[in-house]
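The block underneath contains the structure these notes are about, expressed in structure tokens.
Every chain is numbered from 1 and lettered A, B, ... according to where its sequence line falls, protein lines coming before strand lines.
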Amino acid sequence: MQGDSKGSPFVPQVQLPPITIDFETYYDKQYTLSKMNVIPYVRDPRFEVIGFSWQEEGHEAQWFSGDFHATKAKLLSLELHRRMVTAHNAMFDGSIIEWIFDIRPRKYFCTMMAARPFVMPFTGGVSLATCAEFFMLPRKTDAVRKMIGVQRTDFSADLLTEYSEYSINDTVISTMLRETLAPRLPKDEQDVIDLTIKKFLRGRLVLDRGVLEKAQEEIQLREANALLKVSAMKVTREQLVSNSLFAGLLKRQGVDPPKKTSPSTGLPTFAFSKKDPEFMALLKHNNHKVAWLVESRLTLKSSIDRTRVQAFLDVERTCPTMPVPIMYYAAHTGRFGGMMGLNMQNLPQKGALRNALRAPPGFKVIVADLKAIEARITAVLAYEVDLVRKFREGVDVYTDFASALYEKPAEDIDRSERFVGKMCILGLGFGMGPTKFKDTMDSLGVPMSEIRATEIVAVYRSLYPNIKKLWRKLDGILEKMVSIRPDGGSVWYQFPGGGLKPPLRVTHQRVELPNSMCINYPELSHGGKLNKTVYAYRSFHGPSLSTRLHIWGGAFCENIVQALARIVLVRAEVRLARSGLVSVMQVHDELVFVVPEHTVEAVKSVITRLLTDPVPWMPALPLACTIGVGDSYGECK
DNA sequence: GTGCGGGGCGCG
DNA sequence: AAAGCGCGCCCCGCAC
């Protein structure tokens with residue numbers, strides 16, 4: 001991807017060379033980053049900078065240690081507002097620079113983030129030590145262990161010298177890491193890293209304490225009521241939330257606890273999930289006591305509201321605005337993820353959390369999302385011409401498919417029928433089979449028979465035969481990724497109709513995306529099951545560390561589409577930032593902005609233009625976006 | 001007491 | 001012929 005940085009407000013005219021920084025701070029057994037995240041750590045009264053080391057490009061690394069004012073003076077002398085600041089975990093070092101010393105560097109580069117796409121798939125970690133080893137850089141020392149519990153004024157000269165050597169060593173490694181990683185990262189990705197760090201350091205959403213406290217009271221009341229309901233049976237919280245004890249409660253009421261086979265262990269286990277129809281059926285059991293038990297358990301088991309409201313309140317106490325922690329390249333497809341106990345990417349659609357995230361007075365929240373982006377990309381890759389045309393013409397594709405499914409005109413499709421159509425378009429395009437489709441629909445409150453599910457899958461595949469063919473083609477690519485040797489060059493995969501430009505480059509255990517980043521499938525091999533074109537690769541995101549995940553054409557299709565959708569969104573995000581519109585949050589196919597009220601209309605049109613701007617590597621892709629405006633995130637539906 | 005795997009659940 | 005995918009966090013139960 002080409003960077004068009006010339007003359008943009010993103011880059012001031014006068015710059016200084018990049019600089020690497022590493023802060024050393026007080027820690028003890030309890031008060032440590034290994035037991036708490038950056039927000040409470042840096043905001044804690046115990047927080048203290050022991051010293052920091054820095055290295056300007058082309059110079060020796062240096063060390064400084066002094067009191068608050070001396071440290072601030074030293075930092076100011078470095079003129080960080082004219083530099084790119086590199087750190088290994090820049091969210092940490094940046095929070096010190098910005099929250100403690102009130103200094104705003106021009107730009108950030110985080111070697112821990114930058115390492116994720118290149119190191120994580122092969123090591124499962126991106127600590128400085130792991131990265132140094134992976135790239136054969138000098139070893140990291142562990143002198144920091146000696147510094148536990150020592151405050152700055154208590155350091156002996158010798159110990160402080162040792163600390164400075166440790167710190168300088170880390171800084172030198174981090175500089176080398178930047179020099180190793182930056183050339184591998186496209187300009188857009190470097191900007192994304194900077195923007196991701198700034199989402200955390202310079203949040204602009206304000207947490208509404210009143211909304212959160214009210215929600216907390218309601219949750220406590222709800223849980224108390226759930227316990228009250230079963231109190232006559234002398235049932236306790238412990239009995240409700242424990243699987244084996246809860247099974248005992250059901251048996252006592254003469255109900256055989258529903259069971260299923262564990263997908264991860266293959267052993268029998270209790271089916272006590274909202275997704276288990278047998279379990280949910282107990283809510284309507286003739287014996288009220290059974291229904292009450294299940295109801296109360298479900299209430300007490302749903303913890304996301306309770307814990308996240310508390311987490312938000314904890315942040316509100318110390319932070320003027322919401323720091324949005326987002327993990328860069330959390331998924332091997334490049335997707336982002338949550339972190340620091342605050343996953344901002346899975347906030348419930350209902351409930352108080354989204355309403356508690358507000359724009360400050362005089363500002364509005366704007367949420368823009370790329371409509372059905374994955375389905376659109378799939379249609380183009382598969383050369384499903386009619387489907388692409390419908391997307392381009394703005395046809396409601398979900399309703400359109402429902403119309404084919406129920407064999408009646410689109411005008412007669414009702415809400416629940418459209419919902420079925422939506423689930424088909426979103427799920428069946430990646431090879432979902434009848435059994436999983438039935439289960440998914442059951443769990444979403446649209447129960448259907450196995451036979452009906454089989455019919456629907458068949459209708460989908462016959463209506464979009466090219467999508468089915470795409471999975472077959474991708475089976476072949478997986479085979480290539482296995483058979484090509486590490487130094488065996490590459491083959492190009494041309495999608496029908498030239499859907500992707502340049503075509504997909506396939507090498508040993510990886511595919512290269514149009515922005516030059518790769519999806520890696522380490523240790524990819526045949527799955528081993530006879531007569532099945534199933535492959536397996538090592539993943540650190542599996543059920544356990546370094547388990548093998550299965551993959552086939554349909555799933556591979558989803559990986560590629562997810563990765564491409566992510567590039568589309570990020571491209572727009574970077575271009576918007578370069579034009580001065582910096583988003584405060586990102587949720588896969590959605591960008592969130594906080595803007596002055598009087599600019600809303602102008603901003604909406606810029607966002608629409610950049611989000612729907614044709615993508616150079618997929619000119620046939622029809623893009624559309626929806627935009628919501630409100631005083632809070634929750635209002636932007 | 002701590003770490004980890006599994007199940008569950010929220011989002012896309 | 002058949003096969004959706006990607007996360008993070010909470011909590012329990014168990015191993016160390």
Side-chain angles (χ1 to χ4, degrees), chain A residues 34-35 237-238 240-246 260 262-265 267 269-276 279 297-298 300-308 310-311 325-327 329-351 353-354 369-370 372-374 378 423-437 439-440 443 454 457 460-461 467-468 471-472 474-475 519 527 529 531-535 539-545 547 549-563 565-566 569 586-590:
Chain A
S34 62
K35 291 191 183 168
R237 187 184 182 282
E238 287 67 31
L240 287 171
V241 296
S242 153
N243 275 9
S244 56
L245 295 182
F246 188 75
K260 64 182 170 190
S262 161
S264 48
T265 63
L267 300 171
T269 180
F270 293 116
F272 288 166
S273 147
K274 270 187 187 174
K275 290 193 173 181
D276 297 315
F279 183 61
R297 176 179 158 102
L298 286 172
L300 291 170
K301 272 287 190 181
S302 84
S303 60
I304 189 163
D305 263 350
R306 171 168 25 99
T307 55
R308 207 69 64 80
Q310 185 58 56
I326 293 180
M327 176 92 74
Y329 246 87
H332 73 313
T333 56
R335 262 207 185 178
F336 300 82
M339 61 192 292
M340 297 188 199
L342 295 166
N343 188 345
M344 299 294 281
Q345 299 192 307
N346 77 339
L347 299 178
Q349 288 283 1
K350 291 181 176 179
L353 291 165
R354 287 181 186 235
D369 78 286
L370 280 169
I373 177 69
E374 293 201 352
T378 308
M423 289 301 111
C424 293
I425 296 292
L426 296 182
L428 298 182
F430 304 119
M432 190 191 282
T435 311
K436 191 168 273 188
F437 185 66
D439 290 349
T440 304
S443 70
T454 307
V457 170
Y460 180 89
R461 293 182 185 182
I467 292 181
K468 203 176 151 183
W471 309 333
R472 290 287 90 77
L474 291 173
D475 277 332
I519 311 181
K529 289 183 186 169
N531 292 333
K532 276 202 169 188
T533 53
V534 172
Y535 299 79
S539 163
F540 294 98
H541 278 296
S544 74
L545 211 65
T547 46
L549 284 191
H550 292 274
I551 186 164
W552 63 285
F556 186 32
C557 177
E558 202 284 340
N559 282 188
I560 293 169
V561 169
Q562 191 181 99
R566 181 264 187 203
L569 188 84
Q586 190 265 45
V587 193
H588 308 310
D589 64 356
E590 153 187 317

For this session: Name the nucleic acid region contacted by A:Gly554, choosing base, sugar-phosphate or nothing; use a 4.0 angstrom heavy-atom cut-off, strictly under.
Result: nothing
Problem set entry | Non-hydrogen side-chain atoms of A:Gln562 and A:Ile519 separated by less than 4.5 Å | no
Problem set entry | Distance below 4.0 Å between A:Ser303 side-chain N/O and B:dC9 OP1 or OP2 | no
Exercise. So does A:Ser273 get a side-chain nitrogen or oxygen closer than 4.0 Å to the phosphate oxygens (OP1/OP2) of B:dC9?
Worked result: yes
For this session: State whether A:His550 places a side-chain N or O below 4.0 Å from either non-bridging phosphate oxygen (OP1 or OP2) of C:dC5.
Result: no
For this session: May I ask you to say what A:Met423 touches in the nucleic acid, namely base, sugar-phosphate or nothing, with a heavy-atom cut-off under 4.0 Å?
Result: nothing
Exercise. Reckon A:Arg306 has a side-chain N or O less than 4.0 Å from the OP1 or OP2 of C:dC11?
Worked result: yes
Exercise. Using a cut-off of 4.0 Å on non-hydrogen atoms, how would the nucleic acid contact of A:Asp369 be classed: base, sugar-phosphate, or nothing?
Worked result: nothing
Exercise. C:dG6 C1' sits how many Å from A:Met327 CE, rounded?
Worked result: 14 Å
For this session: Figure out the CE/C1' separation between A:Met344 and C:dG8, and round it to whole Å.
Result: 13 Å
Exercise. When you match A:Phe437 and A:Met339 each to their closest nucleotide on DNA chain C, which lands nearer the 5' end?
Worked result: A:Phe437
For this session: Give one of base, sugar-phosphate or nothing for A:Phe336, where a contact means two heavy atoms less than 4.0 Å apart.
Result: nothing
For this session: Side chain of A:Asn559 only, please: which of B:dG6, B:dC9, C:dG6 is the nearest?
Result: C:dG6
Exercise. Could you walk me through whether A:His332 and A:Asn559 pass the side chain to side chain contact (heavy atoms under 4.5 Å, CB included) check?
Worked result: CA-CA 9 Å; A:His332 73 313; A:Asn559 282 188; 3.2 Å; yes
Between the protein and nucleotides 10-12 of chain B, are there any N/O to N/O pairs under 3.5 Å, and if so, what are the atom names and distances?
from, atom 1, to, atom 2, distance (Å)
B:dG10, OP1, A:Lys274, NZ, 3.2
B:dG10, N2, A:Asn346, ND2, 3.4
B:dG10, N3, A:Asn346, ND2, 2.9
B:dC11, OP1, A:Gln349, N, 2.8
B:dG12, OP1, A:Gln349, NE2, 2.7
B:dG12, O3', A:Asp589, OD1, 2.5
B:dG12, O3', A:Asp589, OD2, 2.7
B:dG12, N2, A:Arg335, NH1, 3.2
B:dG12, N3, A:Arg335, NH1, 3.0
B:dG12, N3, A:Arg335, NH2, 3.4

Exercise. Quick one: is A:Ser262 getting a side-chain N or O under 4.0 Å of the B:dG7 phosphate, OP1 or OP2?
Worked result: yes
Exercise. Looking for any heavy atom pair under 4.0 Å, which part of the strands does A:Pro434 touch: base, sugar-phosphate only, or nothing?
Worked result: sugar-phosphate
For this session: Return the minimal non-hydrogen interatomic distance between A:Phe246 and A:Leu240, and the atom names on each side.
Result: CD1-O, 3.7 Å
For this session: Evaluate side chain to side chain contact (heavy atoms under 4.5 Å, CB included) for A:Asn343 paired with A:Arg308, printing each intermediate quantity in order.
Result: CA-CA 9 Å; A:Asn343 188 345; A:Arg308 207 69 64 80; 4.1 Å; yes
Exercise. Is there side-chain contact between A:Tyr460 and A:Lys468, with heavy atoms separated by less than 4.5 Å?
Worked result: no
Problem set entry | Spacing between A:Met432 atom CE and C:dA2 atom P, to the nearest angstrom | 16 Å
For this session: Flag the pair A:Gln586 / A:Gln345 as yes when at least one side-chain heavy-atom distance between them is below 4.5 Å, and no otherwise.
Result: yes
Problem set entry | A:Lys275 (side chain) donor-acceptor with A:Thr440 (main chain) under 3.5 angstrom | no
Exercise. Just checking A:Val561: base, sugar-phosphate only, or nothing, at a heavy-atom cut-off of under 4.0 Å?
Worked result: nothing
Exercise. For C:dG4, what is the paired nucleotide under Watson-Crick or G-U wobble rules, both distances under 3.5 Å?
Worked result: none
